[in-house]
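Everything below concerns the one structure shown next.
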There are 2 protein chains.
Amino acid sequence: MKGSHEDRLDVIKSRIIEQIGNNMKIYGVSQTTGRVMATIYYHQKPMTLDELSEEMGMTKMSMSNAVRELMDLGVAEKIHVKGSRKDHYVIEQDYYQFFIDLFCTSWSKTTHAKAATRMKLSRDLEEIIQDENADPETKEEAKKILEENHKAIEFFNWINRLIQHFESHEIFKHVPIKEGNKKRDPY
Amino acid sequence: MKGSHEDRLDVIKSRIIEQIGNNMKIYGVSQTTGRVMATIYYHQKPMTLDELSEEMGMTKMSMSNAVRELMDLGVAEKIHVKGSRKDHYVIEQDYYQFFIDLFCTSWSKTTHAKAATRMKLSRDLEEIIQDENADPETKEEAKKILEENHKAIEFFNWINRLIQHFESHEIFKHVPIKEGNKKRDPY
DNA sequence: AATATCGTAAAATATATATTTTACAAATTT
DNA sequence: AAATTTGTAAAATATATATTTTACGATATT
């Protein structure tokens, strides 16, 4: 009878971990990576690749890939535990900061490069528009695209400002975390 | 000489479309769907599946899948053009509204269901905690998970409020679109 | 009513992604 | 320095996703 409760708890835990794995897919990370993240989170202590491998029944290599992805996203950190040769990994504990990290990493990754590309294309378009030999119809279309490009660049700038709005936690002033978690304030 | 400018314009156009296709991947839509979206957008007129198929060099079936995905995300709309039997598709023209549609659709899709699951699990945990036969250690862990669950539910609520913050365009008060596009106001 | 057109479901194929296996360099212990 | 352990790259395999082909019902046209 005693064991059945533990079993139920394990079921609950694995369902939560599974759910988080699915959730993470919208952030653009693979299900496995999401599960690794959740596993470390619920373990409450830093974990090694071998522990993860054991716990999840997958190869160490997969775990290595997953934690790298998490570190790239800025939500996992490699820490040294003295007495052990193995790398240990910890996960951002704050849900909101976690969200911000994921959101901002994936967004800022694109905007800069994309805006730069657009600007380059805008210069090409300008050339066509300036060229006197260019066919008027072509020029007309170039102008339209140039305008679109301008709008796109403006939009990328807005995204950047939005990222800042989140990173600076300004957003919480306008969409407050209602109750609890007061300790996040010091950020 | 005249043709070369047109060619250059085509290159620019296809690069932009390609870029948008890549961009969209972070929103969780496939590259093809992103390209379809960009193709319709830059075409400036409603497009049919056959036109898209022709333009993109892919089967009509693929186009059908893509536009359905876009409609599910709330960024494309099927319209009737009189005189034609074929369905025509249009794309949300406003970058910001487009962003909001994508963001909110993908987020709200998860939160409701996920919060419900968590609440159900919380009730299961309560049962374990209340049960006098349960092992104290197990109870302790159940309490911890229950608390985590509570935090998660609170977070989902925050996400919902965040979605509202975007859908209501409140966000623009705090992260304004600097210049131009004044016509968006009436939303 | 017969014929043609349109859109999409279902099955088949092709492509991309995830996972494991194998191999090896770098660091650590003996 | 030899042997062991750790983490990861590269290649091989397995799995999932995207795309096309085929087939067919619904609607419109003749």
Side-chain angles (χ1 to χ4, degrees), chain A residues 17-18 20-40 45-73 76-91 106 109, chain B residues 17-18 20-40 45-73 76-91 106 109:
Chain A
I17 287 171
E18 208 56 36
I20 292 174
N22 281 321
N23 264 344
M24 302 277 293
K25 278 199 276 190
I26 7 168
Y27 293 99
V29 308
S30 76
Q31 182 149 3
T32 300
T33 303
R35 290 218 312 271
V36 166
M37 173 261 143
T39 303
I40 302 175
K45 284 192 216 96
M47 289 183 86
T48 66
L49 294 180
D50 283 320
E51 286 169 337
L52 283 167
S53 178
E54 164 75 23
E55 179 77 24
M56 297 190 52
M58 292 178 79
T59 60
K60 192 158 70 153
M61 189 69 233
S62 300
M63 302 301 102
S64 177
N65 284 331
V67 294
R68 180 152 45 98
E69 201 181 338
L70 290 171
M71 286 195 297
D72 287 348
L73 288 166
E77 210 179 330
K78 191 192 284 192
I79 63 163
H80 179 74
V81 170
K82 68 178 168 184
S84 171
R85 291 173 60 174
K86 301 184 186 185
D87 293 340
H88 287 64
Y89 297 90
V90 290
I91 287 288
S106 70
K109 216 176 354 185
Chain B
I17 288 171
E18 208 56 36
I20 292 174
N22 281 320
N23 264 345
M24 302 276 293
K25 278 201 276 191
I26 7 168
Y27 293 99
V29 308
S30 76
Q31 182 149 1
T32 299
T33 303
R35 291 217 312 270
V36 166
M37 174 260 142
T39 301
I40 301 175
K45 284 193 215 94
M47 289 183 86
T48 66
L49 294 180
D50 284 321
E51 287 169 336
L52 282 167
S53 178
E54 163 75 21
E55 179 77 24
M56 297 189 52
M58 292 176 80
T59 61
K60 192 157 68 153
M61 190 69 233
S62 300
M63 302 301 102
S64 177
N65 284 331
V67 294
R68 178 151 47 98
E69 201 181 339
L70 290 170
M71 286 195 296
D72 287 347
L73 288 166
E77 210 179 332
K78 192 193 282 193
I79 62 162
H80 179 75
V81 170
K82 67 179 172 184
S84 171
R85 292 173 60 174
K86 303 185 187 187
D87 294 339
H88 287 64
Y89 297 90
V90 291
I91 287 288
S106 68
K109 216 176 355 186

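In this structure, B:S30 does not reach the D:dT17 phosphate: none of its side-chain N or O atoms is under 4.0 Å from OP1 or OP2. Dashed line: the shortest gap from a side-chain N or O of B:T48 to OP1 or OP2 of C:dC6 is not under 4.0 Å. Note on A:S64: every side-chain N or O is 4.0 Å or more away from OP1 and OP2 of D:dG7. Distances shorter than 4.0 Å separate none of the side-chain N or O atoms of A:R35 from OP1 or OP2 on C:dA18.
For A:S62, counting side-chain heavy atoms from C-beta on, the closest listed nucleotide (C:dT20, C:dA9, C:dT8) is C:dT20. Comparing C:dC6, D:dT6, D:dT19 against the side chain of B:M58 picks out D:dT19 as the nearest. The nucleotide whose nearest atom lies closest to any side-chain atom of B:R85 is, among C:dA4, D:dT5, C:dT8, C:dA4.
Looking at B:T48, its side chain never comes within 3.5 Å of a backbone N or O of B:D87 through a donor-acceptor pair. Looking at B:T39, its side chain does come within 3.5 Å of a backbone N or O of B:R35 through a donor-acceptor pair.
Atom-to-atom, CE of B:M61 to C1' of C:dT5 comes out at 16 Å; the value is rounded to the nearest Å. Going from atom CG of B:N65 over to atom C1' of D:dT19 covers 9 Å, rounded to whole Å. Following rounding to the nearest Å, B:K82 (NZ) and D:dT29 (P) show an atom-to-atom distance of 15 Å. Atom CD in A:E51 sits roughly 14 Å away from atom C1' in D:dT6 (whole-Å rounding). In this structure, B:I79 atom CD1 and C:dG7 atom P are separated by 13 Å, rounded to whole Å. Per the geometry, CG belonging to A:L52 stands 14 Å off C1' belonging to D:dG7, to the nearest Å. The distance from atom NE2 of B:H80 to atom P of D:dT27 is 14 Å, rounded to the nearest whole Å. In this entry the distance linking CD of A:Q31 with P of D:dA16 reads 10 Å, nearest Å.
Across all their heavy atoms, B:T59 and B:S53 have their closest contact at C-OG, 3.7 Å.
Comparing A:M71 and B:T59 along DNA chain D, the residue whose closest nucleotide (by nearest heavy atom) sits nearer the 5' end is A:M71.
Judged by distance alone, the side chains of A:T33 and A:E69 do bring a donor and an acceptor atom under 3.5 Å apart.
The CE atom of A:M47 sits 9.0 Å away from the CE atom of A:M56 when rounded to the nearest 0.5 Å.
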